[in-house]
Protein chains: 2
Amino acid sequence: MARAADVSLATASRALNGMRVTPQLRDRVLAAAAQLAYTPNAHARALAGASHRTVGVICHDVTDPYFAAIAGGVMRIAGANDLLVMLASTFRDPEREIAYVSMLRAERAPAILLIGSGFEDARWERAMEAELKPYLDGGGRVAVVSRHRSLKVDSVLPENRAGAAAMARALLELGHRRFAVLSGPHALTTVIDRLGGFRDELAAAGVTLDPAHVVEGPFTRDGGYQAMTELLDRGLDATCVFALTDVMAIGAYAALRDRGLSVPGDVSVAGFDDIPIVRDLTPPLTTVALPLRELGEKVMELALTENTTRRRRIVRMTGEVVVRASTAKVGV
Amino acid sequence: MARAADVSLATASRALNGMRVTPQLRDRVLAAAAQLAYTPNAHARALAGASHRTVGVICHDVTDPYFAAIAGGVMRIAGANDLLVMLASTFRDPEREIAYVSMLRAERAPAILLIGSGFEDARWERAMEAELKPYLDGGGRVAVVSRHRSLKVDSVLPENRAGAAAMARALLELGHRRFAVLSGPHALTTVIDRLGGFRDELAAAGVTLDPAHVVEGPFTRDGGYQAMTELLDRGLDATCVFALTDVMAIGAYAALRDRGLSVPGDVSVAGFDDIPIVRDLTPPLTTVALPLRELGEKVMELALTENTTRRRRIVRMTGEVVVRASTAKVGV
DNA sequence: CTGAAAGCGCTTACAG
DNA sequence: CTGAAAGCGCTTACAG
């Protein structure tokens with residue numbers, strides 16, 4: 001410790017933490033610290049009551065541009081508040097998600113952000129609550145984006161249902177009547193909301209979505225490729241394919257290209273999220289644009305500001321349909 | 001603590017850590033722990049000598065598919081070894097990079113991985129060494145990918161120079177003689193290597209790269225867009241544009257499209273890295289393919305395996321030129 | 001196998 | 001402003 005190096009004692013602590021200390025002593029301590037490449041042990045520090053400056057963010061997959069974009073927003077606000085942020089990926093493994101929360105909780109991180117749809121699974125919900133409750137009671141802050149009927153925490157909610165419904169209307173307006181959907185795992189709340197919103201809105205317009213036209217795959221590029229391929233193998237009977245996620249739409253593009261089919265010449269394709277890359281595709285993708293960075297900024301802000309209401313706060317974020325070149329007009 | 005809840009004392013510690021304890025007591029402790037939603041304080045634990053299971057990974061920007069892909073590889077190996085990983089983004093701010101290392105060091109993370117080119121900056125190098133040296137001396141493991149002439153740690157090195165040279169040859173072979181380069185910040189070692197390798201190989205073939213044809217921008221999609229636009233404004237005098245990074249090439253595509261120029265009809269474009277999305281562009285991008293996931297897997301492995309040699313270990317990873325549709329043959 | 005005790009490295013009231 | 005002391009919550013030799 002810097003102490004031996006100098007003559008003072010726990011005054012070093014004060015000097016290092018910028019509390020009032022005679023400039024002389026201050027300098028001596030700081031010099032010694034620099035000389036020894038001294039780094040205060042964060043654990044001891046935390047144990048003794050000092051607080052952490054590193055918030056934890058848990059998402060499904062950093063490799064996915066959707067989460068990356070949201071994480072970008074989180075980091076912007078964190079940076080502006082002089083906080084560091086560490087990111088974790090669960091790869092949609094509920095166990096691992098809980099392991100991360102548990103770790104962050106054990107580390108006494110000042111805030112935990114959960115990014116991405118929760119799992120519709122009673123066991124998971126209970127385990128998660130068991131972790132979060134004591135953390136919150138201990139003064140920890142938790143905020144989430146999208147998910148979690150069950151978790152009683154501040155949330156940023158993309159309007160998945162309304163967005164998918166709006167997309168249905170836009171597609172109907174273009175003249176489409178026969179649809180297929182590239183769907184994701186049914187255990188995800190996001191899937192349920194988007195698929196439900198889309199289907200219900202079609203139904204409201206008297207168009208039924210044939211269950212055989214809904215193919216489920218992982219929420220990845222390859223998942224989209226496979227799902228689209230399967231659809232094609234069954235003999236695609238639709239003028240328009242709605243991918244529940246832009247990332248899946250990218251896979252669908254590839255699958256169609258590999259079959260020599262053109263978008264939107266042979267079939268229209270639409271997505272959801274408006275991840276940045278989607279504008280750079282050929283053709284640019286029609287999608288429901290979510291303000292991704294902003295979602296991230298908002299959760300971080302929620303976690304940073306005191307909740308003075310007695311209920312959990314909910315920030316809803318609207319998605320807007322952006323019609324680009326991937327969806328053609330169809331004669332009615 | 002679980003202690004009060006039961007009757008035993010620090011035996012609880014043993015029970016919780018799976019050491020030999022009478023099943024009876026074990027059960028009692030475990031039950032109490034579950035009941036209280038008890039989570040051992042990781043700080044106290046670490047302070048008392050137990051070791052951490054969470055490695056830290058520091059990269060420039062998780063939002064960039066290049067880093068995301070490498071991080072994916074890291075996580076695969078980490079997961080297989082029952083380690084959690086937390087990811088940090090520096091956004092190419094040297095100060096912040098050091099802040100993260102310092103934090104990870106203070107937290108006594110078992111390993112720190114630095115992903116991405118270092119800064120050619122003496123002050124930064126010194127500060128970084130000052131952080132890393134004591135960490136290593138304290139038993140911490142450090143491994144890096146790409147960078148760091150100065151840091152004496154285990155490294156995974158993409159062959160940037162050779163890759164760029166190979167790209168030069170491939171492009172020459174297609175008949176190109178007049179080139180432009182979309183370059184990144186000169187403070188990054190990656191830029192120096194790739195630009196140097198490209199330029200030198202051209203020179204070896206008697207083709208000089210006009211310095212006015214090398215435009216510098218940030219290593220981002222928008223950086224590529226701007227650089228390409230600037231090139232166009234100057235009156236592009238080249239048949240082929242080499243972007244030092246795929247991400248920049250994506251921006252270049254957009255800039256060209258906005259000017260109504262076609263790739264490769266009006267100008268050929270080549271990139272570097274082979275990030276996943278690049279295959280899905282229209283046209284698919286010619287690039288130097290780096291085994292990104294594997295880079296990540298290798299650094300994690302380096303950090304996990306003891307270095308029994310007396311020197312630092314270096315794993316070189318070769319990049320391979322993949323000619324796709326974005327580069328046209330040109331009459332010689 | 002299981003207690004009682006010391007110690008991990010800091011911070012923070014408490015006196016001085 | 002600056003010491004001396006207690007305590008943060010665990011783990012781990014050390015006896016028993």
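Just so we're on the same page: letters track the sequence lines, and every chain starts at 1.
If B:Thr22 and A:Ala44 are placed on DNA chain C by their nearest nucleotide, the residue sitting closer to the 5' end is B:Thr22.
In terms of the ring pair (Phe, Tyr, Trp, His ring centres under 6.0 Å) criterion, B:Tyr135 has no residue partners (sequence neighbours excluded). Listed by chain and residue number, A:His60 satisfy the ring pair (Phe, Tyr, Trp, His ring centres under 6.0 Å) test with A:Phe67 (two or more places apart in sequence, or in another chain). Take B:Glu301 and apply the side chain to side chain donor-acceptor pair (under 3.5 Å) test, not counting sequence neighbours, and it matches no residue. For B:Ala106, the side-chain contact (heavy atoms from CB on, under 4.5 Å) partners two or more places apart in sequence, or in a different chain, are A:Thr39, A:Ala42.
B:Arg105 has its CZ atom 11 Å from the P atom of C:dC10, to the nearest Å. B:Arg14 places its CZ atom 8 Å from the P atom of C:dG3, with the value rounded to the nearest Å.
A donor N or O paired with an acceptor N or O is not found under 3.5 Å between the base of D:dG9 and the side-chain atoms of A:Arg108.
Base pairing in DNA chain D gives the following stems of 3 or more Watson-Crick or G-U pairs, range against range and under 3.5 Å: C:1-3 with D:14-16, C:5-12 with D:5-12, C:14-16 with D:1-3.
Sorted by first and then second residue, the pairs that involve residues 67-80 of chain B and meet side chain to side chain donor-acceptor pair (under 3.5 Å), not counting sequence neighbours, are B:Arg76-B:Glu297.
The two residues B:Arg96 and B:Thr90 come nearest to each other via the heavy atoms NE-O, 3.7 Å.
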